[in-house]
Amino acid sequence: MVLQVAFDLTDKQKKVLAAEGYLLVKGGPGSGKTTISILKAGKIVKEDLKTDQRVLFMSFARATVSRVLEAIAGENEITPDVKRHIEVDTYHAFFWRLIKTHGYLLGLPRSLVILTPPSEAVALSDIRNGYKSDDKLSQQELKEKKQQEYAERRRLAVEKGLVCFDLFAEMAGALLHRSNKIRRIISNAYPVIILDEFQDTTPDQWHVIRALGRDSKLFALADPEQRIFDFIGADPERLQHFEAEFAPSTFDLSSENHRSKGTDLTHFGNDILRGKFTKKTYDGVSIIDFDANHNQAVTKVIVETLKARKRLINDGPKNWSLAILVPTKRMTRIVSDAFREPPGTLPKIEHNAAVDMEAVILAAEIIAYLLQSHGEKSCVAGVAGFVGLICSYFRGKSGDTPSKTSLKEAARISVAFQRVVDCCGVGKAVPKNNIFLPIEAAYNAIHDLTLTGDPDIDWIAVRKFLDVADCKRLNEISREVRNLRILNRGTQLRESLSQNWRNTGRYSDALEIVRQAFIQEHFSTNTKPESGVVVMNMHKAKGKQFDEVIIFEGWPRIAKRKIMANPDRIVRGNMRDNVNDQARQNFRVSITRAKRRTTILTPIGDPCILLIPENNG
């Protein structure tokens, strides 16, 4: 049976569709790897699978999963019945299902809970506090630190049933290699597995894939030039490992471009990799400089964003998307803050900021706790819970790189609270300069707010109260939680909070509801493709696509005509000696996220070193 398609496939795509057995398909951004994999999956379902079997498509990013699901839904050549036999999921979600069901075979408790990244950061903060930053550690110290972190992760999993994401692949691999029965159950359910972004698999993930490949046919999709996760263990030899292990039929689609056809975006991205430019100008690429100071830099990115937005409103698709991609987390904040509160008479820009979520989630737990405790009689235990969450916020807000300042802040708050408890216990007056007092005052005052039962209204009311409280620590927490995006109308979190109010007349379980919502959000495949203006770190753009992209990097700090600092650059310090494959690949990935146009903003006098041909550097 031959699958009929409504558009013309290239000769290489036809060969992929006809091939049997294990496959490796290589190609760059927009080369058609995903499209042909979907058509291939449909063909396999129709011709080869039993009624209770499915093709499994796995990817790292939920954004990619959502895009694949959307592509499958829109593929008219594949019938609804066939579509139901194509399952799309993230590696993490697949691994978790294995561990949740069979983890007891590894000595884990029967009841398991995911230890989310923010909670993991809190749990490991004491270990990390005992070391300097990673870039100041010797190789031996770095090894010792990682061993201690790993030991604590294992202890939390085995003793408490708290399993962090970093252990998922290791544990899933152990189950599949140790148990032929479990492996065969999986392979019987999924006789064909499609592996997206295969070049980024870590050793533990590759260990899982080797086990799956014993009984399931594997179809690996990879862009050898898009390997941007070397820092977490992705091996540049991974494609060779796959070829040696499974002897697949290999196809190269790298010369094809379906995403940004009619532009030179892919051509320019490939020239960035080589460090040699083959054209004087590239269709779809604009390089614009800006004056190297904060006000003029943010003004430039605002102006160029407004221009791009106008172009897309006038000439773009209905649900157009514009990404502002920056090299660092700090730059994400700088741009988002500038869009919210622009200088001079420039208009505000509605946008979503894809910030790291540790601080946001921990701040959201504090809001949830305040909603939950509202209406309860104020007591030491209630205040202690509030203080504990604030301390957890400061210990975990920076993820796996906690600052000494934040850790000391958590310790200061804890000590100040205990001092108040001790003073009250013996009838002594509390010192007026105790830093816990404004925290306590805000906690007590929030009980005077009138809640409505509408989670959106009540959440915002509590957040705004913290924003104006006479406490800089609570002000910071309020600012962080502004980045929460899952409390929109119709979301599971909103509905669960509403139901909790209807059932009990208050938000009696708000904290647990919020915690579960973030876990569900991590595994959700229902996220819609990005639309409107989005600000994000360049790493976070992997697997996504936008109508236009603006890449905005930092600028040098100059004193006495010398560069004294050069933060937030695409290449560290914007120095030729720091140019490496990782920087080039990351830049290429960002450039090729666009369908229509990429604009690169770089400072006058010290332009991005990757834009300068190497023989001129």
Side-chain angles (χ1 to χ4, degrees), residues 7 9-17 23-40 57 59-61 63-64 67-68 71 194-201 219-230 234-240 242-243 248-279 282-285 323 325 538-549 551 570 580-598 600 610-611:
F7 58 89
L9 295 175
T10 66
D11 289 341
K12 289 181 180 178
Q13 287 176 321
K14 290 176 182 177
K15 290 179 180 178
V16 174
L17 205 58
L23 303 179
L24 172 60
V25 177
K26 298 184 283 188
S31 61
K33 299 189 301 296
T34 301
T35 299
I36 196 60
S37 70
I38 291 170
L39 295 175
K40 183 74 174 175
F57 187 113
S59 183
F60 288 108
T64 305
R67 188 156 53 82
V68 171
I194 300 173
L195 306 163
D196 192 28
E197 299 165 326
F198 179 73
Q199 74 281 348
D200 280 331
T201 49
F219 181 178
L221 310 177
D223 179 356
E225 308 297 347
Q226 193 172 301
R227 196 187 67 255
I228 66 173
F229 289 142
D230 286 4
D235 191 322
E237 303 296 319
R238 188 68 72 220
L239 303 192
Q240 289 91 318
F242 188 81
E243 290 175 316
S249 300
T250 301
F251 302 89
D252 190 349
L253 307 181
S254 58
S255 62
E256 302 180 10
N257 175 23
H258 304 280
R259 175 182 296 164
S260 54
K261 189 173 288 188
T263 76
D264 290 327
L265 287 166
T266 298
H267 186 163
F268 180 66
N270 291 338
D271 281 357
I272 287 291
L273 282 180
R274 290 186 287 266
K276 295 182 180 180
F277 298 96
T278 57
K279 301 182 69 174
Y282 295 80
D283 290 340
V285 179
L325 304 183
M538 292 165 72
H539 277 291
K540 290 182 180 291
K542 187 176 184 295
K544 296 180 169 64
Q545 60 183 13
F546 307 90
D547 293 296
E548 284 202 31
V549 165
I551 300 172
I570 293 170
N580 55 28
D581 289 346
Q582 183 82 10
R584 291 190 183 281
Q585 289 163 355
N586 199 18
F587 197 18
R588 173 184 179 261
V589 167
S590 299
I591 290 163
T592 56
R593 297 307 90 197
K595 300 177 187 176
R596 295 167 165 237
R597 176 170 175 163
T598 290
I600 300 168
L610 296 179
L611 298 175

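- The closest donor-acceptor contact from the side chain of K40 to the backbone of L17 lies under 3.5 Å.
- Side-chain N or O atoms of Q13 include one that pairs as donor or acceptor with a backbone N or O of T10 at under 3.5 Å.
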Problem set entry | Test log, rule side chain to side chain contact (heavy atoms under 4.5 Å, CB included), inputs I551 and I570 | CA-CA 10 Å; I551 300 172; I570 293 170; 4.0 Å; yes
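- Taken from OG in S590 to NZ in K544, the straight-line distance is 11.5 Å, to the nearest 0.5 Å.
- In this structure, the separation between CZ on F198 and OG1 on T201 is 4.5 Å, given to the nearest 0.5 Å.
- With salt bridges taken as basic N to acidic carboxylate O contacts below 4.0 Å, one links R274 and D271.
- Side chain of K33 to main chain of G28: a donor-acceptor pair is present (N/O by atom type, distance under 3.5 Å, no hydrogens or angles).
- Rounding to the nearest 0.5 angstrom, the gap separating the OG atom in S260 from the CG atom in D283 is 11.0 Å.
- Side chains of K279 and F268 form no contact here, defined as non-hydrogen atoms less than 4.5 Å apart.
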For this session: Let me see the working for L39 and L9 under side chain to side chain contact (heavy atoms under 4.5 Å, CB included), right down to the final yes or no.
Result: CA-CA 11 Å; L39 295 175; L9 295 175; 3.9 Å; yes
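- For the pair K12 (side chain) and D252 (backbone), a donor-acceptor distance under 3.5 Å is present.
- Two residues are said to be in side-chain contact when any heavy atoms from C-beta on lie closer than 4.5 Å; K26 and S254 fail this criterion.
- In this structure, CD1 in I272 is found 5.0 Å from CG in L611, a value given to the nearest 0.5 Å.
- Considering only residues two or more places apart in sequence or on other chains, K15 meets the side-chain hydrogen bond (donor to acceptor under 3.5 Å, both in side chains) condition with none of them.
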